[in-house]
Amino acid sequence: MRRAARAAADAGLDGLLVAPGPDLVWLTGYRPPETERLTLLVLRDGEDPVLVVPALEAPDAEEAPGGPALDLRDWTDGKDPYDTAVPLLGPRGRFGVSDNTWALHLLGLQGRLPGTAYVGLSEALPMLRAVKDAAELERMAAAGAAADRAYEEIRGVRFAGRRETEVAADLADLLRRFGHSQVDFTIVASGPNGANPHHEAGDRVIADGDMVVLDFGGLKDGYGSDTSRTVHVGEPDAEEREVHDVVRAAQEAGFRAVRPGAACQDVDRAARAVIADAGYGDRFIHRTGHGIGVTTHEPPYMVEGEERPLVPGMCFSVEPGVYLPGRFGVRIEDIVTVTEDGGRRLNTTPRDMAIVH
């Protein structure tokens with residue numbers, strides 16, 4: 001919390017306002033219900049962190065890992081919660097606000113303090129959570145290993161003759177079996193559905209001869225997993241093998257571009273060049289990667305124009321793909337962390353095309 005308050009001051013902000021959500025959990029370990037009752041962490045450089053909290057939830061806040069460091073200011077139902085929050089901000093100032101703050105609460109503050117200004121935390125301090133410490137990296141690695149175990153198991157289930165939703169349910173069950181408390185997505189995109197990168201698993205029956213994109217992840221012990229592999233039901237044809245080989249080479253090139261000091265866009269450029277050289281450049285239709293941590297999508301982003309340098313401890317996906325509308329798609333994804341001399345994959349399952357049945 002002190003580091004976050006200092007980063008806010010260095011960015012020209014008068015403080016940070018953090019509502020229930022990932023940032024509050026990351027900063028304090030407190031995960032309150034997200035309701036119309038105002039809960040707000042106020043961080044200002046050089047001052048003790050203050051948590052405005054409904055009185056009925058104060059005991060839980062005190063028991064949170066960060067509770068002993070918090071100055072709790074509770075308010076009771078029937079009272080105006082902004083009477084408690086407003087004195088902590090003052091009549092003027094510019095504050096960073098966690099991205100998932102309810103409009104209800106932000107508008108309440110603005111109404112009482114028209115001289116204040118607010119900016120989203122991902123805009124003001126996009127790298128606040130980006131560099132993971134040793135304990136965070138350990139949890140990230142454990143989440144990746146759990147997702148890998150789910151992939152190894154799913155390769156053994158029946159695909160042909162089953163709906164995408166059935167295989168997606170299998171994946172969700174496996175993630176939970178291997179320790180995930182939250183499943184965020186289980187993409188199972190078969191045949192032509194694979195050409196849609198964010199296809200929602202549907203009622204399409206998977207057939208022999210289908211390429212199937214699997215993309216799945218969630219949270220284990222508070223940290224994210226996200227991996228993609230593309231499998232084939234039965235033996236693929238020559239074109240399917242060719243496209244898969246191109247994507248696999250692009251994913252390897254993106255990974256090899258990871259090193260301290262390289263720009264985020266260098267990872268995207270390395271992967272994209274392989275696909276473009278193979279003649280599929282216009283079929284790679286998304287960025288190469290996104291950061292991951294206490295949420296499965298967060299800064300930094302591996303995309304053209306992002307010149308921010310890579311720093312040891314950053315974690316992000318490397319996930320190039322090729323999508324042929326009406327036919328099939330291929331995506332291969334690992335979570336990678338930046339090390340002192342390069343990068344390390346947090347997903348280690350084979351990246352060749354697995355044959356399923």
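In what follows, residues are counted from 1 in the order of the sequence shown. Source: prediction; values computed, not measured.
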Could you tell me the separation between the [atom1] atom of [X] and the [atom2] atom of [Y], rounded to the nearest 0.5 Å?
{"X": "Leu13", "Y": "Arg94", "atom1": "CG", "atom2": "CZ", "answer": "5.5 Å"}
{"X": "Arg139", "Y": "Asp221", "atom1": "CZ", "atom2": "CG", "answer": "5.5 Å"}
{"X": "Glu136", "Y": "Thr337", "atom1": "CD", "atom2": "OG1", "answer": "10.5 Å"}
{"X": "Arg283", "Y": "Tyr280", "atom1": "CZ", "atom2": "OH", "answer": "11.5 Å"}
{"X": "Leu17", "Y": "Leu121", "atom1": "CG", "atom2": "CG", "answer": "9.5 Å"}
{"X": "Gln265", "Y": "Glu307", "atom1": "CD", "atom2": "CD", "answer": "5.0 Å"}

Donor-acceptor side-chain pairing of [X] and [Y] below 3.5 angstrom:
{"X": "Tyr301", "Y": "Arg308", "answer": "no"}
{"X": "Ser122", "Y": "Asp99", "answer": "yes"}
{"X": "Thr349", "Y": "Arg155", "answer": "no"}

Output yes when a side-chain donor or acceptor of [X] lies under 3.5 Å from a complementary backbone atom of [Y], and no otherwise.
{"X": "Arg163", "Y": "Ala201", "answer": "no"}
{"X": "His290", "Y": "Thr296", "answer": "yes"}
{"X": "Thr295", "Y": "His297", "answer": "yes"}
{"X": "Asp184", "Y": "Gly217", "answer": "no"}
{"X": "His232", "Y": "Gly234", "answer": "yes"}
{"X": "Arg44", "Y": "Asp14", "answer": "yes"}
{"X": "Asp334", "Y": "Val336", "answer": "no"}

Within a radius of less than 6.0 Å around [atom1] of [X], do more than 12 heavy atoms belonging to other residues, nucleotides or ligands occur?
{"X": "Gln110", "atom1": "CD", "result": "yes"}
{"X": "Arg112", "atom1": "CZ", "result": "yes"}
{"X": "Glu63", "atom1": "CD", "result": "no"}

Treat each ILVMFWY residue as a node, draw an edge where side-chain heavy atoms are under 4.5 Å apart, and state whether [X] and [Y] are in one component.
{"X": "Val52", "Y": "Tyr118", "result": "yes"}
{"X": "Ile154", "Y": "Leu175", "result": "yes"}
{"X": "Tyr323", "Y": "Ile332", "result": "no"}
{"X": "Val157", "Y": "Val212", "result": "yes"}
{"X": "Phe178", "Y": "Leu346", "result": "no"}

Between Val294 and Tyr223, is a side chain to side chain contact (heavy atoms under 4.5 Å, CB included) present by the stated rule, with each step listed? CA-CA 5 Å; Val294 294; Tyr223 282 79; 3.7 Å; yes
If you apply the rule salt bridge (Lys or Arg N to Asp or Glu O under 4.0 Å), what do you find for Asp60 with Arg31, and how did you get there? CA-CA 9 Å; Asp60 290 336; Arg31 192 188 299 272; over 6 Å; no
Electrostatic pair [X]-[Y], nearest N-O below 4.0 angstrom:
{"X": "Arg248", "Y": "Glu252", "answer": "no"}
{"X": "Arg229", "Y": "Glu152", "answer": "no"}
{"X": "Asp173", "Y": "Arg177", "answer": "no"}
{"X": "Arg327", "Y": "Glu240", "answer": "no"}
{"X": "Arg345", "Y": "Asp148", "answer": "no"}

Closest non-hydrogen atom pair, [X] against [Y]:
{"X": "Ala4", "Y": "Leu125", "answer": "O-CD1, 4.4 Å"}
{"X": "Pro300", "Y": "Ala130", "answer": "CD-CB, 4.1 Å"}
{"X": "Leu109", "Y": "Tyr82", "answer": "CD2-CD2, 3.8 Å"}
{"X": "Met1", "Y": "Pro49", "answer": "SD-CB, 3.8 Å"}
{"X": "Gln251", "Y": "Glu333", "answer": "NE2-C, 4.2 Å"}
{"X": "Ala172", "Y": "Thr186", "answer": "N-CG2, 3.8 Å"}

Could you go step by step and tell me if Arg6 and Asp10 meet the salt bridge (Lys or Arg N to Asp or Glu O under 4.0 Å) rule? CA-CA 6 Å; Arg6 167 44 50 186; Asp10 291 343; 2.9 Å; yes
Side-chain touch [X]/[Y], heavy atoms, less than 4.5 angstrom:
{"X": "Ile335", "Y": "Ser317", "result": "yes"}
{"X": "Arg204", "Y": "Pro192", "result": "yes"}
{"X": "Pro81", "Y": "Arg37", "result": "no"}

Compute the ring centroids of His198 and Phe185, then answer whether they are less than 6.0 Å apart. no
Could you label the plane-to-plane angle of the His286 and Phe284 rings as parallel, tilted or perpendicular, counting under 30° as parallel and over 60° as perpendicular? perpendicular
The residue among Ile206, Thr165, Asp170 that forms side chain to side chain contact (heavy atoms under 4.5 Å, CB included) with Val188 is Ile206
In this structure, which one of Asn347, Leu174, Val231 forms a side chain to side chain contact (heavy atoms under 4.5 Å, CB included) with Tyr151? Val231
Please lay out, stage by stage, how Ile292 and Met140 fare under the test side chain to side chain contact (heavy atoms under 4.5 Å, CB included). CA-CA 9 Å; Ile292 184 171; Met140 290 291 303; 3.5 Å; yes
If you apply the rule side chain to side chain contact (heavy atoms under 4.5 Å, CB included), what do you find for Leu324 with Val322, and how did you get there? CA-CA 7 Å; Leu324 304 181; Val322 168; 4.1 Å; yes
